[in-house]
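Hydrogens, waters and symmetry mates play no part in the numbers below; they use all other heavy atoms, side chains included.
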Amino acid sequence: MNSIRLTRPDDWHTHLRDGAALELTVAHAARSFARSIVMPNLVPPVTTTALAAAYRERILHHLPQGADWAPLMTLYLTDNTDPEDLVAGAEQGVVTACKLYPAGATTNSDSGVTDIDKIFPVLSAMQQAGIPLLIHGEVTDADIDIFDREAVFIERHLKRIVESFPDLKVVLEHITTRQAAEFVASAGDRVAATITAHHLMYNRNHMLVGGIRPHYYCLPILKRNEHQQALIDAATSGDASFFLGTDSAPHNQSAKETACGCAGCYTAWQALEMYATVFDQANALDKLEAFASLNGPAFYQLPVNTTQVELQRQPLEIPTSFAMGGETLVPLDAGETLGWSLVQ
């Protein structure tokens, strides 16, 4: 198979940032996708409907002319989130979902939830209103190994959330472990997971063998190859619980390539081609459309996109860098070549 046509896909987890970065990140999101779930961990975070509406306007201001793409906004949960505000935001069509960041778990998460029990009233309101909960599923305890934080979160918190709110829709974001894939596959149709292209393509050897490669550093961190294979199996299984979410995160080169490099992989420009590469290598190109284009809308109860995209088996060279707001952004695998290209 040298070409494949897909219903235009959506990205159910991305970071666009704000300000001057939007000129680049919005254009890259619109290159391959029709809709993107936009993460709310700005500085300060997007914690209210009013802030989400204002952020959406800033994003749309940078939408390239003629682009067929829409941002889907999320609220950042805190210990003090107002349930009435988020329900009103959903009713107004501003808020699509709410994001749970355990405090300190990842980039710009310091204002996140310090105790899951504190947001149970909010989760109850979300369940009643049909608002999905998106979770960065890691504990942050200093005594828990960083490679075990996702598995511990599932046992300690996620199972309790799912049991306590049987009608709440839950997305475990950017899963990285066999334990996460197995939990989601067995949890029923109200629990789903996004999987990133970089967690499908790489494991911790790629990040650490031969020297530390900061552009592979992300949170949740890359795991062993056995976990990588479990993710590939889940993504290519045809199970509707799994769908595309890039977790593409733009950081300036100076912030990544430093003594304390920040977490995040920038893949927005080439993400769809990365997914095609993985599915091709797994002899599962026939499963790509469901994963990329159908499972997400079904879970969110949104219409499937009506347009299509075409991918061809042609070399695609990833740019060595992009200019972003006066700074330099280096994408994952800068200068490398993928075997699939999106037909523009």
Side-chain angles (χ1 to χ4, degrees), residues 1-15 28-37 69 171 173-176 180-181 184 192-203 206 215-216 218 220 222 225 227-249 264-299 304-305 307-319 331-334 336-344:
M1 183 181 296
N2 293 318
S3 66
I4 182 172
R5 293 187 69 84
L6 308 172
T7 299
R8 190 170 183 85
D10 303 298
D11 184 353
W12 299 99
H13 181 137
T14 195
H15 298 266
H28 286 181
R31 176 179 180 268
S32 303
F33 304 110
R35 295 169 291 205
S36 298
I37 285 276
W69 174 86
V171 181
E173 303 272 32
H174 44 48
I175 62 171
T176 63
V184 171
T194 56
I195 308 179
T196 76
H198 52 280
H199 284 109
L200 290 172
M201 290 191 74
Y202 301 113
N203 60 61
H206 296 95
H215 291 283
Y216 288 82
C218 56
L222 295 172
N225 60 354
H227 295 291
Q228 177 193 9
Q229 187 58 53
L231 300 184
I232 294 171
D233 291 344
T236 61
S237 67
D239 187 330
S241 300
F242 301 101
F243 41 85
L244 186 158
T246 65
D247 192 21
S248 179
C265 300
Y266 190 71
T267 61
W269 185 82
Q270 75 275 18
L272 187 56
E273 290 92 336
M274 292 174 69
Y275 284 110
T277 299
V278 172
F279 278 68
D280 187 20
Q281 292 172 348
N283 295 314
L285 281 172
D286 60 318
K287 300 293 198 306
L288 180 58
E289 184 175 49
F291 176 82
S293 311
L294 306 180
N295 296 347
F299 183 84
V304 172
N305 297 314
T307 56
Q308 290 187 319
V309 297
E310 181 179 356
L311 291 158
Q312 292 185 350
R313 194 186 297 276
Q314 295 181 351
L316 175 74
E317 184 174 340
I318 301 171
L332 187 66
D333 287 339
E336 300 294 326
T337 300
L338 292 170
W340 286 88
S341 296
L342 179 68
V343 177
Q344 294 295 306

>> Under the salt bridge (Lys or Arg N to Asp or Glu O under 4.0 Å) definition, can you give me all pairs with a residue in residues 272-297, not counting sequence neighbours?
In response: Arg31-Glu273, Asp280-Arg313
> Any sub-3.5 Å donor-acceptor pair from Asp11's side-chain atoms to Thr246's backbone N or O?
Replying inline: yes
> Of all residues at least two apart in sequence or in a different chain, which pass the ring pair (Phe, Tyr, Trp, His ring centres under 6.0 Å) check with Tyr202?
Replying inline: His206, Tyr216
> Looking at Ser293 and Val304, what are the two nearest heavy atoms and their distance?
Replying inline: O-CG1, 4.2 Å
> For Ser241, what residues pass the side-chain contact (heavy atoms from CB on, under 4.5 Å) criterion, not counting sequence neighbours?
Replying inline: Val184, Asp239
> How many angstroms lie between OG1 in Thr176 and NE2 in His227, if you round to the nearest 0.5 Å?
Replying inline: 7.5 Å
>> Keeping Asp10 on the side-chain end and Arg35 on the backbone end, is there a donor-acceptor pair under 3.5 Å?
In response: yes
> Do Gln228 and Leu231 touch side chain to side chain, with heavy atoms closer than 4.5 Å?
Replying inline: no
> Sequence neighbours excluded, which residues qualify as side chain to side chain donor-acceptor pair (under 3.5 Å) partners of Asn225?
Replying inline: none
> Taking only residues two or more places apart in sequence or in another chain, which ones pass side chain to side chain donor-acceptor pair (under 3.5 Å) with Ser32?
Replying inline: none
> Residues two or more places apart in sequence or in another chain: which of them pass ring pair (Phe, Tyr, Trp, His ring centres under 6.0 Å) with His199?
Replying inline: none
> To the nearest 0.5 Å, what is the distance between SG (Cys265) and CE (Met274)?
Replying inline: 8.0 Å
>> If the condition is side chain to side chain donor-acceptor pair (under 3.5 Å), which residues does Glu336 pass it with, not counting sequence neighbours?
In response: none
> Can you tell me if Gln281 uses its side chain to pair, donor with acceptor, with the backbone of Met201 under 3.5 Å?
Replying inline: no
> Looking at residues at least two apart in the chain, or sitting in another chain, which of them share a side-chain contact (heavy atoms from CB on, under 4.5 Å) with Ala249?
Replying inline: His15, Arg17, His251
>> Test of understanding: with side-chain contact (heavy atoms from CB on, under 4.5 Å), list the residues that count as partners of Val309, not counting sequence neighbours.
In response: Leu6, Arg8, Pro9, Leu272, Leu342
> Which value, rounded to the nearest 0.5 Å, describes the distance between Leu338 atom CG and Ile318 atom CD1?
Replying inline: 4.0 Å
>> Quick one, Trp269 and Pro331 - any side-chain contact, counting heavy atoms below 4.5 Å?
In response: no
>> Applying side chain to side chain donor-acceptor pair (under 3.5 Å), can you list everything that pairs with Ser36, at least two apart in sequence or on another chain?
In response: Trp69
> Under the side-chain contact (heavy atoms from CB on, under 4.5 Å) test, which residues partner Gln314, sequence neighbours left out?
Replying inline: Gln312, Ser341
> So how far is it from Thr236 OG1 to Leu285 CG, rounded to the nearest 0.5 Å?
Replying inline: 10.5 Å
>> Could you measure the distance from the CD atom of Gln270 to the NE2 atom of His28? Nearest 0.5 Å is fine.
In response: 9.0 Å
> Passes side-chain hydrogen bond (donor to acceptor under 3.5 Å, both in side chains), Glu173 versus Thr194? Steps please.
Replying inline: CA-CA 5 Å; Glu173 303 272 32; Thr194 56; 3.0 Å; yes
> Where do Ala192 and Phe243 come nearest, in terms of heavy atoms and distance?
Replying inline: CB-CE2, 3.5 Å
> Which residues pass the ring pair (Phe, Tyr, Trp, His ring centres under 6.0 Å) test with Phe291, sequence neighbours left out?
Replying inline: Tyr275, Phe279
> Step by step, would you call Trp12 with Val171 a side-chain contact (heavy atoms from CB on, under 4.5 Å)?
Replying inline: CA-CA 10 Å; Trp12 299 99; Val171 181; over 6 Å; no
>> To the nearest 0.5 Å, what is the distance between NE2 on His198 and CG on Asp247?
In response: 5.5 Å
